[in-house]
Enquirer: 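Below is the structure I would like to discuss, written out as structure tokens.
Residue numbers start at 1 and run along the sequence shown. In listed order, ligands and their atoms are each counted from 1.
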Amino acid sequence: MKTLDDLLAEGVSGRRVLVRADLNVPLDGGTITDDGRIRASLPTIGKLAEAGARVVVTAHLGRPKGTPEPKYSLAPVAARLNELLDATVTLADDVVGASARSTVEGLADGEVALLENIRFDARETSKDEAERGAFARELAALVGAGAGPSGAVFVSDGFGVVHRKQASVYDVAKLLPAYAGGLVLAEVEVLRRLTGTPDRPYVVVLGGSKVSDKLAVIESLLPRVDKLLVGGGMCFTFMAAEGLGVGSSLLEGEMIDTCKRLLADAGEKIMLPADVKMADRFAADAVTETVLVAEMREDWMGLDIGPITAERYAAELADAGTVFWNGPMGVFEMAPFADGTRVVAQAIVDSDAYSVVGGGDSASAVRALGLPEGGFSHISTGGGASLEFLEGKDLPGIAVLEGHP
Ligand SMILES: Nc1ncnc2c1ncn2[C@@H]1O[C@H](COP(=O)(O)OP(=O)(O)O)[C@@H](O)[C@H]1O
Ligand SMILES: O=C(OP(=O)(O)O)[C@H](O)COP(=O)(O)O
């Protein structure tokens with residue numbers, strides 16, 4: 001795999017470099033509530049700009065449906081990048097259209113362009129390879145796909161998206177000389193430690209809201225771990241599989257049978273909540289009640305694990321040798337539903353385990369709840385990406401850099 005250092009050694013002055021970054025930060029309206037992913041992307045973009053490259057950054061924000069939507073504009077991200085980088089950053093109004101072309105054309109050496117949200121074009125995430133390929137060709141053409149030592153190149157630095165077989169992550173890497181960025185390399189190096197022979201017990205904590213993505217990972221992860229603690233939006237599909245009513249909590253109906261099978265196969269390995277904090281609506285000032293899981297209210301939703309559960313999970317974590325945590329235990333962004341995440345995160349900090357936290361929102365929770373970042377061995381920018389890496393899977397965005405897509 002060729003790396004950013006190889007590219008810098010070749011020389012990038014005056015060359016156009018397309019960088020795929022993961023700048024998918026949490027927003028409250030137009031305000032970035034945690035800029036961790038932007039900061040994590042600075043070294044690669046900064047080194048390229050400093051070396052005189054004309055840097056074209058591409059990234060996504062949220063999950064728009066393949067058309068421009070103002071609330072998913074990268075404008076707040078461009079503004080933050082401008083503040084943090086020692087280089088001028090210009091945001092194009094579109095992805096590969098007239099604005100993108102003129103912005104890229106207008107770049108001087110050492111300047112940075114940010115293309116609008118790459119997911120404003122439906123071809124980015126298409127399952128149809130030909131469609132994705134056509135889009136990737138437009139992206140490559142934008143930076144001018146000329147071969148040779150002065151030609152355009154691609155740097156893959158969005159670790160949080162390397163598990164996605166998408167045009168700007170995967171297909172474009174086949175069209176331009178492709179290099180692994182510093183962030184991707186650093187993340188992979190740390191996570192390798194967890195795929196080798198992790199210190200036991202190896203405890204994985206799973207929560208968050210990307211339920212179907214993550215349920216799919218559990219099957220291959222289970223044989224590798226000693227305990228799986230489930231919380232967040234993840235737990236209700238398991239509870240439904242146990243025959244419990246979960247009210248209007250997050251539920252992945254199509255995965256109930258999978259959860260039944262996982263529970264039957266895993267025995268004691270999977271731990272589920274004993275109690276849940278429910279709310280009458282999804283709001284910080286909702287009416288709340290903490291109930292045992294057998295007593296969940298029909299028209300209410302579970303927005304946090306309860307205190308009995310949090311203490312049980314904390315006790316498991318206290319003795320762990322290795323911990324991987326992805327996904328908040330509740331809707332920590334609203335104070336009444338932050339306790340479960342706080343208790344679990346604090347237990348990880350207090351343990352002597354080698355601990356990795358992964359995911360945009362999980363990392364943001366660590367900072368928002370005031371936990372010491374140094375209390376974790378590593379804070380990864382990727383949740384789904386690190387989970388799939390730990391499964392032992394070949395991630396498309398990395399395999400393509402290694403030349404065996
Ligand atoms: N019980 C729940 N119901 C709905 N959403 C939840 C629940 N628990 C946690 N969440 C939400 O999950 C989101 C994070 O999920 P996810 O994207 O999977 O995590 P990460 O970004 O760390 O990988 C948070 O914004 C949080 O509000
Ligand atoms: O936020 C992300 O992943 P994560 O929530 O698993 O950490 C990445 O930006 C990938 O986003 P996606 O899951 O919409 O492809």
Side-chain angles (χ1 to χ4, degrees), residues 20-28 33-34 36-38 40-41 59-65 72 77 117-119 124-125 158-166 168-170 187 205-217 230-239 246-252 273 276-279 281-284 286 288 296 300-306 309 324-341 344-345 356-368 379-389 395-397:
R20 178 47 156 117
D22 182 358
L23 305 176
N24 189 22
V25 289
L27 288 175
D28 185 2
T33 54
D34 184 83
R37 277 183 169 150
I38 301 178
S41 304
H60 73 284
L61 184 69
R63 291 177 170 178
K65 302 270 176 282
Y72 291 118
V77 171
N117 193 335
I118 190 87
R119 292 185 182 172
E124 164 70 358
T125 55
F159 177 72
V161 283
V162 289
H163 59 317
R164 302 290 183 213
K165 200 172 199 177
Q166 297 177 350
S168 68
V169 178
Y170 173 79
E187 294 266 23
V205 188
L206 265 193
S209 57
K210 292 179 180 172
V211 182
S212 52
D213 276 9
K214 289 171 190 176
L215 282 175
V217 174
V230 186
M234 295 285 299
C235 60
F236 302 103
T237 309
F238 280 102
M239 293 180 186
V246 297
S248 56
S249 309
L250 211 59
L251 181 69
E252 204 69 48
V276 170
K277 190 166 191 182
M278 300 200 85
R281 64 208 158 87
F282 192 86
T288 67
M296 276 188 277
W300 287 28
M301 57 186 81
L303 295 185
D304 196 9
I305 56 172
T309 310
F324 177 79
W325 166 37
N326 169 245
M329 295 291 96
V331 183
F332 75 94
E333 296 92 336
M334 300 185 212
F337 311 110
D339 292 345
T341 305
V344 165
V356 177
V357 184
D361 293 304
S362 306
S364 144
V366 166
R367 292 182 279 263
I379 301 186
S380 169
T381 53
S386 36
L387 267 175
E388 290 193 26
F389 189 89
L395 305 183

Enquirer: May I ask which of M234, K214, K277 has a heavy atom nearer to atom 16 (P) of ligand 1 than the others do?
Expert: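 The residue whose heavy atom sits nearest atom 16 (P) of ligand 1 is K214.
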Enquirer: Would L303 and M301 count as a side-chain contact (heavy atoms from CB on, under 4.5 Å) here? Give the steps.
Expert: CA-CA 6 Å; L303 295 185; M301 57 186 81; 3.9 Å; yes
Enquirer: With sequence neighbours left out, which residue pairs that include part of residues 329-339 fulfil the salt bridge (Lys or Arg N to Asp or Glu O under 4.0 Å) condition?
Expert: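 Qualifying pairs, neighbours excluded: D339-R342.
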Enquirer: Check each of V331, L387, V357 against atom 4 (C) of ligand 1 and report the one with the nearest heavy atom.
Expert: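 Answer by nearest heavy atom: V331.
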Enquirer: For A283 versus M334, what's the shortest heavy-atom pair and its separation?
Expert: C-SD, 3.3 Å
Enquirer: Under the 3.5 angstrom rule, does the side chain of W300 hit a backbone N or O of G302 as a donor-acceptor pair?
Expert: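 Looks like no, no N/O pair under 3.5 Å.
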Enquirer: May I ask which of M334, E333, M329 has a heavy atom nearer to atom 27 (O) of ligand 1 than the others do?
Expert: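 Looking at heavy atoms only, E333 sits closest to atom 27 (O) of ligand 1.
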Enquirer: Holding to side-chain contact (heavy atoms from CB on, under 4.5 Å), I want the full list of residues that pass it with P64, two or more places apart in sequence or in another chain.
Expert: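 Scan of P64 (side-chain contact (heavy atoms from CB on, under 4.5 Å), adjacent residues dropped) gives E69, Y72, N117, R119, F120.
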Enquirer: Atom 10 (C) of ligand 2: which protein heavy atom is closest, and how many Å away?
Expert: G160 O, 3.5 Å
Enquirer: At a 4.0 Å threshold, what atoms of ligand 2 neighbour a non-hydrogen atom of N24?
Expert: 1 (O), 2 (C), 8 (C), 9 (O), 11 (O)
Enquirer: Mark up the atoms of ligand 2 that fall under 4.0 Å of a heavy atom belonging to D22, in ascending order.
Expert: 8 (C), 9 (O)
Enquirer: Please write down residue, atom name and distance for the protein heavy atom closest to atom 1 (N) of ligand 1.
Expert: G302 O, 3.0 Å
Enquirer: Please check this pair: side chain of E187 against backbone of T381, looking for a donor-acceptor N/O pair closer than 3.5 Å.
Expert: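 Confirmed, E187 side chain pairs with T381 backbone.
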Enquirer: Quick check on contacts: which atoms of ligand 2 are under 4.0 angstrom from a heavy atom of R63?
Expert: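 What qualifies from ligand 2 is 12 (P), 13 (O), 14 (O).
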Enquirer: For atom 13 (O) of ligand 2, state which one of H60, Q166, K214, R164 supplies the nearest heavy atom.
Expert: R164
Enquirer: Using a 4.0 Å heavy-atom cut-off, say whether R37 meets ligand 2 through its side chain, its backbone, both or neither.
Expert: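 Answer for R37: side chain.
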Enquirer: Any atoms of ligand 2 less than 4.0 Å from a non-hydrogen atom of G384? List them with their elements.
Expert: 4 (P), 6 (O)
Enquirer: Looking only at protein heavy atoms, which one is nearest to atom 22 (O) of ligand 1, and how far off is it?
Expert: S362 OG, 2.6 Å
Enquirer: Under 4.0 Å, heavy-atom basis, I'd like to know which part of E388 is in contact with ligand 2: side chain, backbone, both or neither.
Expert: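 For E388, there is no contact with ligand 2 at all, from either part.
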Enquirer: Are any side-chain N or O atoms of T33 and backbone N or O atoms of P26, one a donor and one an acceptor, separated by less than 3.5 Å?
Expert: yes
Enquirer: Give the numbers and elements of all ligand 2 atoms closer than 4.0 Å to a heavy atom of G359.
Expert: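 This gives 7 (O) as the contact atoms.
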Enquirer: Name the closest protein heavy atom to atom 5 (O) of ligand 2, giving the residue it belongs to and the distance to 0.1 Å.
Expert: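 Ranking protein heavy atoms by distance from atom 5 (O) of ligand 2, first comes K210 NZ, 2.7 Å.
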Enquirer: For H60 and R20, which I'm curious about, is there any donor-acceptor pair between the side chains at under 3.5 Å?
Expert: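 Their side chains do contain a donor-acceptor pair, which is all the 3.5 Å distance test asks for.
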Enquirer: For F337 and T288, what are the C-alpha separation, side-chain angles and deciding distance, and is it a side-chain contact (heavy atoms from CB on, under 4.5 Å)?
Expert: CA-CA 9 Å; F337 311 110; T288 67; 3.7 Å; yes
Enquirer: May I ask you to decide if I305's main-chain N or O and T309's side chain share a donor-acceptor pair within less than 3.5 Å?
Expert: no
Enquirer: Where do R37 and G382 come nearest, in terms of heavy atoms and distance?
Expert: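 For R37 versus G382, the nearest heavy atoms are NH2-CA, 4.3 Å.
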Enquirer: Identify the heavy atoms of N326 and S362 that sit nearest to each other, and give their distance.
Expert: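 For N326 and S362, the tightest heavy-atom pair comes out as C-OG, 3.8 Å.
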Enquirer: Side chain of T341, backbone of M329: donor and acceptor closer than 3.5 Å?
Expert: yes
Enquirer: For L23 and L61, which heavy atoms make the closest approach, and how far apart are they?
Expert: O-CD1, 4.0 Å
Enquirer: Around atom 14 (C) of ligand 1, find the nearest protein heavy atom and jot down its residue, atom name and distance.
Expert: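 So the nearest neighbour among protein heavy atoms is D361 OD2, 3.4 Å.
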Enquirer: Heavy-atom contacts with L303 under 4.0 Å: which atoms of ligand 1 show up? List them by number with element.
Expert: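 Counting from 1, the qualifying ligand atoms are 1 (N), 3 (N).
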Enquirer: In ligand 1, which numbered atoms sit nearer than 4.0 Å to a non-hydrogen atom of K210?
Expert: 17 (O), 18 (O)
Enquirer: Give the contacting part of M301 toward ligand 1: side chain, backbone, both or neither, where contact means a heavy-atom distance below 4.0 Å.
Expert: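 Neither; nothing of M301 gets under 4.0 Å from ligand 1.
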Enquirer: If I apply the N/O under 3.5 Å rule, does R119 come out as touching ligand 2?
Expert: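 Yes.
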Enquirer: Could you list the atoms of ligand 2 found under 4.0 angstrom from a heavy atom of G383?
Expert: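 Answer, ordered by atom number: 4 (P), 6 (O), 7 (O).
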Enquirer: Would you name the heavy atoms of S380 and F159 that are closest together and state the gap between them?
Expert: OG-CE2, 3.6 Å
Enquirer: Return a yes/no value for D304: is any of its N or O atoms, backbone included, closer than 3.5 angstrom to an N or O of ligand 1?
Expert: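 N/O-N/O distance under 3.5 Å: no.
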Enquirer: So, the side chain of K277 versus the backbone of G330: is there a donor-acceptor pair under 3.5 Å, distance only?
Expert: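 The answer is no, because no donor-acceptor pair under 3.5 Å joins these two groups.
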Enquirer: Nearest protein heavy-atom contact for atom 15 (O) of ligand 1: which residue, which atom, what distance?
Expert: S209 N, 2.9 Å
Enquirer: To which of G360, G330, A363, G358 does the heavy atom nearest atom 8 (N) of ligand 1 belong?
Expert: G330
Enquirer: Among protein heavy atoms, which sits nearest to atom 23 (O) of ligand 1, and what does the distance come to when rounded to 0.1 Å?
Expert: N326 ND2, 2.9 Å
Enquirer: For atom 7 (C) of ligand 1, which protein heavy atom lies nearest, and how many Å away is it?
Expert: G233 N, 3.5 Å
Enquirer: Taking only heavy atoms of G360 into account, list the atoms of ligand 2 that are under 4.0 Å away from them.
Expert: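 Here the atoms of ligand 2 in question are 7 (O).
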Enquirer: Would you kindly specify which portion of F236 sits under 4.0 Å from ligand 1, judged on non-hydrogen atoms: side chain, backbone, both or neither?
Expert: side chain
